[in-house]
Amino acid sequence: MIKFNKIDKKWQEKWEKYKVFKVKEDTKKKKYFCLEMFPYPSSTSLHMGHSRNYAIGDVYARFKRLKGFNVLYPMGFDAFGLPAENAAIKIGIHPKEYTEKSVKNFTNQLNALGNSYDWSRLVKTCDKDYYRWNQWLFLKFLENGLVERKKAPVNWCNSCGTVLANEQVEDGECWRCHNKVEVKALEQWFLKITKYADELLNDIGKLKGWPEKIRIMQDNWIGRSEGTLVDFKLKDSKDEKIQVFTTRVDTLWGVTFMVYAPEHPRVMELVKGTKYEDKVKKFIDKVVLEDRYSRADEDKEKEGMFTGRYAINPVNNEIIPIYIANFVLPDYGTGVVMAVPAHDQRDFDFAKKYKIPIKVVITPDDYELDAEKMIRAFVNDGKIVNSDEKFNGSRNREAIEEIVDYLEEMGYGKRTVQYKLRDWLISRQRYWGTPIPMIKCEDCGYVPVNEEDLPIELPLDVKFTGKGNPLLTNKSFIKTKCPKCGNDAERETDTMDTFFDSSWYFLRYCDPKNKEKMFDKRSVEYWMPVDQYIGGAEHAVLHLLYARFFVKAMGDMGMLHFDEPFTKLFTQGILYKDGAKMSKSKGNVVSQDEMIEKYGVDTVRIFLLGLAHPSKTVEWEEKGIEASYRFLNRVYNLKEREKSENNIYDKHLISKVNKLIKELEENIEKFNYNIALIKIMEFVNYLSKVKRNVSIEIYDEAFKKFLIMFSCFAPHICEELYENHNDGYISLANWPKCDENKIDLKLEKEEDFISNIMSDVNAVLKLVKIKEPKKLKLYTADNWKYELYEKFKNTESRDFKEVMEKVLVKGHEKDIAKLIPMLLKKGVDDITLDRKTEIKLLKNNLRDLEKEFKLKIEVLEEDNGKALPFKPAILVE
RNA sequence: GCGGGAGUGCCAGAGCGGAAAAUGGGCUAGGCUUAGGACCUAGUGACUUAGUGUCUACGCAGGUUCAAAUCCUGUCUCCCGCACCA
């Protein structure tokens with residue numbers, strides 16, 4: 001067995017030294033942008049899960065390169081983020097240092113994978129040359145009305161005096177001091193992604209190259225629903241109104257109470273000065289502050305309380321009590337709902353608990369609903385009852401439109417569209433991120449930094465105490481002048497969510513070193529959009545939605561010429577071990593380094609890609625890697641040409657190669673790498689089998705073509721084997737052309753046929769071993785089908801007749817093979833067949849059998865003076 | 001609850017309307033080898049045998065078809081997203 005490590009190194013060094021994968025715009029060539037989601041660098045070792053992901057992309061990039069595309073395949077690092085900052089707090093290492101180390105570590109490991117990245121285009125989001133464009137873009141968004149400042153809740157740890165990210169909250173407690181986390185409202189920066197809600201939703205239809213699943217997830221995430229805003233009057237007030245959102249106006253007459261989300265700003269106003277004030281306040285504290293983390297739990301008991309106030313239903317003037325309750329979301333709809341206990345399960349549960357009346361307004365066709373006896377809400381469709389005369393008796397679904405028309409006419413409400421999508425909160429009260437380029441002036445309010453002053457560099461001199469935002473510890477950073485009035489002012493210390501960084505990094509790859517601009521428009525026009533994006537499904541909504549939003553917003557600002565960033569998306573499956581996702585925190589990782597050292601990179605790549613379809617979740621099993629290793633050894637040994645004895649398999653081999661080209665093209669294109677590898681293995685098995693029976697030129701040609709194709713999967717070994725016979729890199733070779741005319745299906749079928757004969761002969765010989773020797777003969781000739789048919793069409797045996805019918809009608813050659821032993825059994829001794837080449841096989845095979853069964857088998861080659869076809873016979877005595 | 005996907009041999013995993021079912025692995029037997037590894041050959045659903053003979057299979061139950069693992073309906077189990085969205 002050969003150790004491949006030396007070969008791996010040799011080629012990785014060459015690729016790097018001669019910049020083999022460096023690309024530039026070339027209008028003469030068709031471009032292909034193949035992109036993997038860039039990683040967050042960490043100091044740990046890559047594990048096999050990572051290796052699999054990156055191998056998936058590399059195979060694709062290599063494939064497209066061989067196919068003649070100008071392939072942009074870059075790599076970079078999503079280098080800002082919380083873990084670096086946590087490390088600073090925990091072990092006292094500066095985030096910059098931590099990140100640099102991690103980047104170096106990841107770079108080495110990615111290189112060890114042999115991926116064909118154009119490293120000259122490396123992008124790191126923590127470089128000021130990168131994040132200055134975050135800031136610049138932020139200002140552009142601001143100019144275009146896409147930035148907004150408003151209050152939003154944050155996780156707050158009182159003892160640390162700091163804001164916590166969701167990841168820093170463990171079971172509702174602070175990750176450091178384990179104090180109960182509270183919720184606090186802070187003024188923060190938002191991007192108005194909701195402006196694009198409709199466009200983002202509609203254009204999902206354009207994403208034909210995306211997995212259905214991801215598209216559905218985005219669809220649900222945006223969550224458009226059409227409904228109606230209905231105005232209820234607030235009792236005991238001067239014309240104050242309460243607006244609710246509903247999709248079920250057909251149940252409007254069944255409303256028996258109303259519910260506010262506890263944290264709704266208006267709640268306190270409602271109870272102000274009443275005896276309910278204190279109780280309500282307490283309840284709000286309990287629900288909002290303590291239960292924030294269990295609020296999403298559906299099984300949670302519905303809790304609420306009466307506010308002492310009432311509302312008036314506009315359609316029937318009924319007076320209904322107003323409650324607050326934990327099941328109403330403050331940020332969906334208007335934060336208030338009209339409750340129809342008879343026809344909504346949540347409302348029903350709540351009404352039962354607090355003894356609120358239930359009023360049936362929709363009834364099923366086949367029985368009467370009795371509000372007293374109901375044990376759950378009736379949520380199906382039916383007939384309207386107990387409502388306005390105009391609508392009683394109508395089908396509820398069909399009546400909705402009319403009811404809305406009626407409400408609009410009467411001025412009680414209006415049609416509206418709601419989205420679940422929220423504006424994007426980009427403020428982070430953290431250090432390791434892009435400073436938001438705003439200045440707070442006492443007189444002028446928030447003022448944007450002047451463009452010329454960019455970048456606002458993140459200062460390195462800060463203290464990591466774990467309390468508050470570290471940026472607050474650098475006074476000289478904070479202190480500045482107002483760009484508007486020139487007075488003393490303070491810088492914003494919030495930094496940007498790192499999803500901001502990753503929402504446009506693919507654009508920077510097109511022109512990564514540009515100092516003047518975010519990117520050169522022509523470069524982006526050449527390379528974008530990304531043709532194939534590859535990454536994890538966990539980014540289905542956030543990253544993938546934000547990136548789409550950025551592209552649309554930038555397009556509207558005239559910066560881009562396309563409106564969707566990723567034409568095709570591939571989401572890879574997860575690698576499991578011991579039933580859990582491979583991850584450091586679970587302690588079930590298999591290190592990449594270790595495996596590469598033991599078997600070589602190509603082995604690792606082949607093994608990981610051959611396991612199953614790349615989109616599937618698979619369980620890691622080390623056993624199989626040995627097989628991949630053996631396989632590569634076999635490939636390696638194919639370079640030793642043996643003296644060719646004859647060339648009877650030339651035609652076959654040519655046919656096989658062409659078939660392989662076609663199969664690989666189809667399968668790699670569709671990411672069916674596992675199938676492609678199987679085809680490759682079959683071919684290798686075949687090649688080693690017929691090696692001695694093909695002419696050298698044909699063999700070399702076939703092997704070369706094979707190597708080029710196989711280099712997608714095993715680039716190092718293929719480079720090495722290619723080097724002996726060719727100039728240049730196999731990585732830059734041309735994918736062989738498939739000559740369909742050379743694919744000879746008949747030859748293929750014949751091969752099946754031969755192998756069948758062989759097993760038949762085996763079977764016969766087995767029989768012969770036990771029984772008395774019998775004299776048998778097998779002849780070959782060209783028109784076997786008809787000869788056989790002619791010979792047996794008049795026999796009495798039904799078996800023969802049936803099979804022969806089939807043969808002539810459907811051409812099942814296999815049946816002929818099946819026939820032979822039967823014929824032999826019946827004492828037939830001259831069967832004519834049409835192959836010449838199989839004789840070799842038969843001969844070889846028979847030698848073994850001869851030995852095995854101690855039989856004397858003779859193969860007669862009757863030459864007849866002519867060369868071929870000859871008429872051999874098997875003689876078993 | 002909603003949405004998506006999957007259930008095939010000892011295992012992983014192909015096939016997705018026409019013969020037990022690719023390819024690996026594992027296992028069995030034989031060859032090669034000082035031995036081990038590697039490599040080569042054959043076998044591997046069950047029952048049998050003189051036999052290419054019989055039976056049974058693609059979660060379970062029905063249906064369409066000359067023909068179904070493959071299409072349809074119902075059902076069970078598992079995985080993965082989202083989730084009190086009015």
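The sequence lines fix the lettering, A, B, ..., with proteins before strands; numbering per chain opens at 1.
- Pairing of B/U34, defined by two Watson-Crick or G-U wobble distances under 3.5 Å, is not identified with any nucleotide.
- Note: A/Phe350 and A/Phe257 have parallel aromatic rings, judged against thresholds of 30 and 60 degrees for the angle between ring planes.
- Annotation: side chain to side chain donor-acceptor pair (under 3.5 Å) contacts of A/Gln243 (sequence neighbours excluded): A/Asp231.
- There is a side-chain donor-acceptor pair under 3.5 Å between A/Gln345 and A/Asp349.
- A salt bridge (Lys or Arg N to Asp or Glu O under 4.0 Å) check over residues 335-344 of chain A, counting only residues at least two apart or in different chains, returns the pairs A/Asp344-A/Arg346.
- For A/Phe671 and A/Tyr673, the distance between ring centers is under 6.0 angstrom.
- Closest to the A/Glu682 side chain, of the nucleotides B/A22, B/C80, B/G25, is B/A22.
- Annotation: B/A12 and B/A83 have their P atoms spaced 32 Å apart (nearest Å).
- The side chain of A/Tyr332 sits closest to B/A86 out of B/A86, B/U23, B/C82.
- Nucleotide B/U54 has B/A46 as its partner under the Watson-Crick or G-U criteria, with both atom distances under 3.5 Å.
- Using N1 to N3 plus N6-O4 or O6-N4 for Watson-Crick, or N1-O2 and O6-N3 for G-U wobble, each under 3.5 Å, B/C60 pairs with B/G74.
- Closest to the A/Phe327 side chain, of the nucleotides B/C84, B/A86, B/G3, is B/C84.
- Looking at A/Asp250 and A/Arg397, no side-chain N of the basic residue comes within less than 4.0 Å of a carboxylate O on the acidic one, giving no salt bridge.
- Close to B/C85, at under 4.0 Å from its OP1 or OP2, lies no side-chain N or O of A/Asn220.
- The 5' end of RNA chain B is approached more closely, in terms of each residue's nearest nucleotide, by A/Asn685 than by the other of A/Met217 and A/Asn685.
- Salt bridge A/Glu226/A/Arg248: absent, no basic N to carboxylate O contact under 4.0 Å.
- Under the Watson-Crick or G-U wobble criterion, with both distances below 3.5 Å, B/U41 is paired with B/A29.
- A salt bridge links A/Lys359 and A/Glu318; the closest N-O separation between the charged side-chain nitrogens and carboxylate oxygens is under 4.0 Å.
- A distance of about 25 Å separates the P atoms of B/U77 and B/A14, rounded to the whole Å.
- Look at the P atom in both B/U41 and B/U48: the space between them is 31 Å, to the nearest Å.
- Nucleic acid contact class of A/Lys420 (heavy atoms, under 4.0 Å, all strands): base.
- With both pairing distances under 3.5 Å, B/A22 is matched to nothing as a Watson-Crick or G-U wobble pair.
- With a 3.5 Å ceiling on both atom-pair distances, B/C16 lacks any Watson-Crick or G-U wobble partner.
- By the side chain to side chain donor-acceptor pair (under 3.5 Å) test, A/Trp221 pairs with no residue at all, sequence neighbours left out.
- Nucleotide B/G3 forms a pair with B/C80, judged by Watson-Crick or G-U wobble geometry with both contacts under 3.5 Å.
- B/A67 sits 8 Å from B/G17 when the C1' atoms are compared, rounded to a whole Å.
- Distance check on atom P: B/C66 versus B/G1 gives 40 Å, rounded to whole Å.
- Not counting sequence neighbours, the partners of A/Lys598 by the side chain to side chain contact (heavy atoms under 4.5 Å, CB included) test are A/Glu622.
- A side-chain donor from one of A/Tyr332 and A/Ser225 sits under 3.5 Å from a side-chain acceptor of the other.
- Heavy atoms of A/Asp349 sit nowhere under 4.0 angstrom from any nucleic acid atom.
- Comparing B/U23, B/C84, B/G4 by their closest approach to the side chain of A/Met681 singles out B/U23.
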Please list each protein N or O that sits under 3.5 Å from an N or O in nucleotides 7-16 of chain B, with the distance.
residue : atom : partner  : partner atom : Å
B/A14   : OP1  : A/Lys616 : NZ           : 3.3
B/A14   : OP2  : A/Lys616 : NZ           : 3.3

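- Nearest to the side chain of A/Asn326, among B/G3, B/A86, B/C84, sits B/C84.
- Using atom C1' as the reference point in both B/C11 and B/C60, the two lie 23 Å apart (nearest Å).
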Filtered N/O pairs between nucleotides 37-39 of chain B and protein, under 3.5 Å:
residue : atom : partner  : partner atom : Å
B/A38   : OP1  : A/Arg630 : NH1          : 3.3

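- Residue A/Arg346 places its side chain closer to B/C84 than to any other of B/G4, B/C84, B/G25.
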